[in-house]
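Take a look at the structure set out below.
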Amino acid sequence: MSGVLYVYAITDSLGGPTVIGLHGAPLQRVASGPLAAVVSEHPRAPEPDEDTLWAHEQVVEELMESATILPLRFGSSVAGPDALTAMLAERREEFLAALERVRGAVEVSVRGELPPGDSEDQLPQAGAPGGPEAPGAPGSGTAYLLERAERERRERDAAELVHRPLAALARRSVPPANGADPRHFKAAYLVEEGALEAFGARVGELNAELGAVRISATGPWPPYSFVGERSP
Amino acid sequence: MSVARGQALRQRDVSLLDLVDRLLDGGVVIHGDITLAVADIDLVYVGLRALIASVETIERDAGVSLSASTPALKASAL
């Protein structure tokens, strides 16, 4: 083989995929024991542009419709089937455990956006209201630090108010984390297929209850956040 | 590619940011010398994130909503 094998997913489900791979390439299975990798052959590794990301995602989603799968990170290629069967054999226990973890469930992404700092009094209070008396005069360094600590506490509280009820409806979760902007947080939930509707409804209720916090959810996604070696 | 993407979008409100987070930061990672990884996948990730962040800023400041399929989001600069 002169090209590369591009890998989409690892599965323990039987049957040949009827899905078409990237750039129209037919999908193949490379099996090792109870596991198989779903791959397609290409002259070179696919280009990482936006269209290819979407196309990759479509292939993985179609696979997910009829099988329990572990999605691979985008851009995973190997030189040939031997390297793949060796990897499947070497990491068999890890992959089998991950397949059990995600079987029958899908991933939902949740993002929250808090109101701008000047309206932080609209933020819901999770704990007891009131804080320490500000010892510093307004505008002093101490007052500033206290103010900032209070704002960070409220941001954490708001994320918790979103996370707790959603985590209760999920099999597993990646708790809220902030990006560069502390007013934004994101979390991920592994939700049983049968509980997806209830989960979506709860997101809607939380949006209404926590007026100042804007919550958005996307999915169902393949369980990308729950298949890594250190995944929750 | 627009037909394929339309199918992938299905009924849901897809965010390109969520897609990038999952495909480039999640999933099973196969290590080591068997991987002929895209050499600068990390640069692509950073580039797409920066692009998306700037689009989000535009949306917020201008009060407009750009969908994930808007040509403005195309990663042509990559």
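Chain letters run A, B, ... following the sequence lines, proteins first and then strands; every chain starts at 1.
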I need the [X] [atom1] to [Y] [atom2] distance, nearest 0.5 Å.
X	Y	atom1	atom2	value
B:Arg22	A:Thr218	CZ	OG1	6.0 Å
B:Leu17	A:Ser216	CG	OG	9.5 Å
B:Asp25	A:Tyr224	CG	OH	12.5 Å
A:Ser77	B:Ile30	OG	CD1	7.5 Å

Is it true that B:Asp18 and A:Arg111 have a side-chain N and a carboxylate O under 4.0 angstrom from each other?
-> yes
Counting heavy atoms not belonging to A:Arg103, are there more than 12 under 6.0 Å from its CZ?
-> yes
Minimal non-hydrogen separation, A:Arg73 against B:Leu24, with atom names =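 Smallest heavy-atom distance, with atoms named: CD-O, 3.6 Å.
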Which region of A:Glu94, side chain (C-beta onward) or backbone (N, CA, C, O), has a non-hydrogen atom less than 4.5 Å from a non-hydrogen atom of chain B, or is it both or neither?
-> neither
Okay, A:Phe95 and chain B: the region with an atom under 4.5 Å from a heavy atom over there is side chain
Are any of the side-chain heavy atoms of B:Leu23 and A:His56 separated by less than 4.5 Å?
-> yes
